[in-house]
2 protein chains.
Amino acid sequence: MATIYEVSALAGVSLSSVSRVLNDHQHVSEKTKKKVMDAMQELGFRPNSVARSLASNRSNCIGILVSELHGPFYGAMLSEIETELRKAGKHSIVTAGHSNEQSEKEGIEFLIDRNCDALIMLVDALPNEYFVKLKKNKTPFTVLNRHIPEIEDNCFYLDNELGGYLATKHFIEHGHKHIAYISGPLSKQDATDRFHGHQRALKEANIPLNDALVVEGDYLIQSGRDGMASLLDTGINFTAVACANDEMAAGAMKTVRDRGFTMPDDYSIIGFDNVFFTEYLYPQLSTINFPIKDMAKMSTQWILKHVYKQKNIDVENFFKPELITRESISHI
Amino acid sequence: MATIYEVSALAGVSLSSVSRVLNDHQHVSEKTKKKVMDAMQELGFRPNSVARSLASNRSNCIGILVSELHGPFYGAMLSEIETELRKAGKHSIVTAGHSNEQSEKEGIEFLIDRNCDALIMLVDALPNEYFVKLKKNKTPFTVLNRHIPEIEDNCFYLDNELGGYLATKHFIEHGHKHIAYISGPLSKQDATDRFHGHQRALKEANIPLNDALVVEGDYLIQSGRDGMASLLDTGINFTAVACANDEMAAGAMKTVRDRGFTMPDDYSIIGFDNVFFTEYLYPQLSTINFPIKDMAKMSTQWILKHVYKQKNIDVENFFKPELITRESISHI
DNA sequence: ACCGAGACTGGAAGCGCTTCCATTCTTACC
DNA sequence: GGTAAGAATGGAAGCGCTTCCAGTCTCGGT
């Protein structure tokens, strides 16, 4: 691979000049610019981005840390960020944190050590204080699906409580009074928020919360199956079940069908997130939309604005969930 | 961020010694090792990986190029690779090629320019010759889901023809004689291979191929819906439809149901790939297993063996598909 | 013709690390 | 005690680029 030296030699100009045209600096005459371009062309020169990054302390790379690389939710997010970044001529380096404090930390350090210009993170094990401290570092960052009061501007988050409320309220409006709930892991903020929304809707309708009708899952499909099974096993009468995410809803639907019941006649179900496969399910799953793509896009806008100083960018940190009505809920 | 200079000063040893302990070289006494470690600890030193990479021409990073960052198929692959790599203390830099020749090429150059030690690619726009040429470069690589005869060792691929054969043969064994086919984009090798398998199974059973019962899709769900609709609209009698991937199968199922038919009684359906959501569908989709995780894992093993010289690694390039029987196929 | 303000260009010092080479220190052994 | 092989260390030259600084050139204005 040719280096800038060879280009400079072939073009008959100095290193600095080559560097200047490489970086599109002002104060380079058209003549030398052309000479350099031709030489680059001839040599098939491609700048070594590692060297550039070392010398300039700039990488044009954004580090992305998500819990997992698979799954509909993270997939949508990654894809959106990558697309937006590429439009702006930036690149993404993505790594996974596996919902584990140690490996989340390693991931962040890895990205910083690779000289990323900024970070976009969606993680759940690291505590808030970590991010508050991290802000003292030089690498700017953004946090998704999390509200950290001390660094609000860096956060992009959804009103999860409202989402939970909307879901259960929708059931109530359809005449349901006995509503079960399969929650996410209550150690996570979004899970508790969603659950609180559920409780608020119940309270508003003067329906007491029946603890026996609440089970805690882990956001994975199996826990939806198991959760629904144990709900059914209680023998308590209920007609609807709100799930804290779509995966668990899919699991619950499976159990309902395995037990010989139908949906939505015997049981109405609602999910949360509105991931792509909710439309493939039968019946199609009503759910709460989590505008992850919008949030992902917005967080890259934030970076374009704050890190690369692009103008005319408006940033919005707070997002509202919306009810998506499909076929999984019946009137009573 | 502290540099190696400060460590060397604090520890009272030379730069070289610090570097030696950093790289776990032989010929460093326990004493100086300890001094250096302590100094690093005290300064919270973290090596600048960009500088290391520039100086050593090694990055401990593997570049990964996939068509898209979302989707069940790529997600599974990315996740598997990242996990395997991390186990070996390596990192991944992932980028997307968007099934577009230009941007695939850019992606590859980006990864090479970032000094990746090796590449893992799953792309479909770039022609075979590109990879044959690429092999002359210094960066080793691996290609998934593609058989390029000239560089067979670098390829990890599935017997797609066999998969197509297995699917249709399964229908035939269940008494189906009128079998429709929704293919992938026939410009892609895997799509034509799968289709050829379908044809072979038909031929073997002395069933003539009815062109009117073949539609070409693009592997996306909508084309499954549309494909099934136009199949139904032909008015030709058929009882089963083989789809070249699961997404299109999900789309086809949707159309079947929208038209008021049931599965598997009115129509039997089979997919291809065995992505995670096939189990969520109703009826659960029978399909052909594409061992993408195994292939992803194997290709990282290849890299560990050839790039990082790890021993005791056996590499297998060729994978066999398997039939997964679930609920979407009836006997006739 | 002269001056100064920019425009343009080149030189050279770094960015933070690795690694080759040379030097010094140990140790085992005769 | 002397020697040589090998272990341990330090010095210094890069890796390929950016960027500051200083010097040269150009040109309009007087």
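Chain identifiers are assigned alphabetically (A, B, ...) following the order of the sequence lines, protein sequences preceding nucleic acid strands; residue numbering begins at 1 within each chain.
Computed from coordinates, the Q26(B) CD to dA8(D) C1' distance equals 11 Å when rounded to whole Å. Going from atom CG of N23(A) over to atom P of dG16(D) covers 17 Å, rounded to whole Å. Rounded to whole Å, atom C1' of dG16(C) lies 19 Å from atom CZ of R52(A). Look at CG on D113(A): it is 15 Å from C1' on dC15(C), rounded to the nearest Å. Regarding K31(A), its NZ atom lies at a distance of 13 Å from the C1' atom of dA7(C), rounded to whole Å. Distance, K33(B) NZ to dA7(D) C1': 14 Å, rounded to whole Å. Taking atom NZ of residue K35(A) and atom C1' of nucleotide dC8(C), one finds them 12 Å apart after rounding to whole Å. Across the protein-nucleic acid pair, L54(B) atom CG and dA13(D) atom P stand 17 Å apart, rounded to whole Å.
In this structure, the ring of Y157(A) has its center less than 6.0 angstrom from the ring center of F318(A).
T32(A) comes within 4.0 angstrom of sugar-phosphate atoms only, judged by non-hydrogen atoms across all strands, and of no base. At a threshold of 4.0 angstrom between heavy atoms, the contacts of V13(B) are confined to the sugar-phosphate backbone, with no base atom among them. Nucleic acid contact for V28(A): sugar-phosphate only, since backbone atoms but no base atoms lie under 4.0 Å from a heavy atom of the residue. In this structure, N57(A) reaches neither bases nor backbone, as no heavy-atom distance under 4.0 Å exists between it and the strands shown. Base contact: S16(A) has a heavy atom under 4.0 Å from a base atom.
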Inset, instruction - Starting from the C-alpha separation in whole Å, work towards a yes-or-no answer on side-chain contact (heavy atoms from CB on, under 4.5 Å) for K33(B) and D24(B). - result: CA-CA 9 Å; K33(B) 191 166 183 169; D24(B) 216 17; 3.8 Å; yes
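When the side-chain nitrogen and oxygen atoms of N48(A) are compared with OP1 and OP2 of dC15(D), none of them lie within a distance under 4.0 Å.
Salt-bridge annotation for D218(B) and K188(B): absent, with no side-chain N of the basic residue lying under 4.0 Å from a carboxylate O of the acidic one.
Between the side chains of R86(B) and T95(A), at least one donor N or O lies within less than 3.5 Å of an accepting N or O. For the residue pair H70(A)/E82(B), the side-chain donor-acceptor check at 3.5 Å is not satisfied.
Paired with Q301(A) under the rule side chain to side chain contact (heavy atoms under 4.5 Å, CB included), one option of Q310(A), H306(A), E316(A), E84(A) passes, and it is E84(A).
Closest approach to the S29(B) side chain among dG16(D), dC17(C), dA8(D) is made by dA8(D) (side chain taken as heavy atoms from C-beta onward). Checking dG16(D), dC17(C), dT19(D) against the side-chain heavy atoms of S19(A) singles out dT19(D) as nearest. Nearest nucleotide to the S17(B) side chain, out of dG10(D), dG16(D), dC17(D): dG10(D). When distances run from any side-chain atom of R20(A) to the nucleotides dG10(D), dC20(D), dT18(C), the shortest one goes to dC20(D).
The residue among F45(B) and L15(A) whose nearest nucleotide of DNA chain C is located toward the 5' end is L15(A). Between A55(B) and H27(B), it is H27(B) whose nearest contact on DNA chain D lies nearer the 5' terminus. Place G12(A) and I4(B) on DNA chain C by their nearest nucleotides, and G12(A) ends up nearer the 5' end.
The base of dG11(D) has none of its N or O atoms less than 3.5 Å from a complementary donor or acceptor on the side chain of S14(B).
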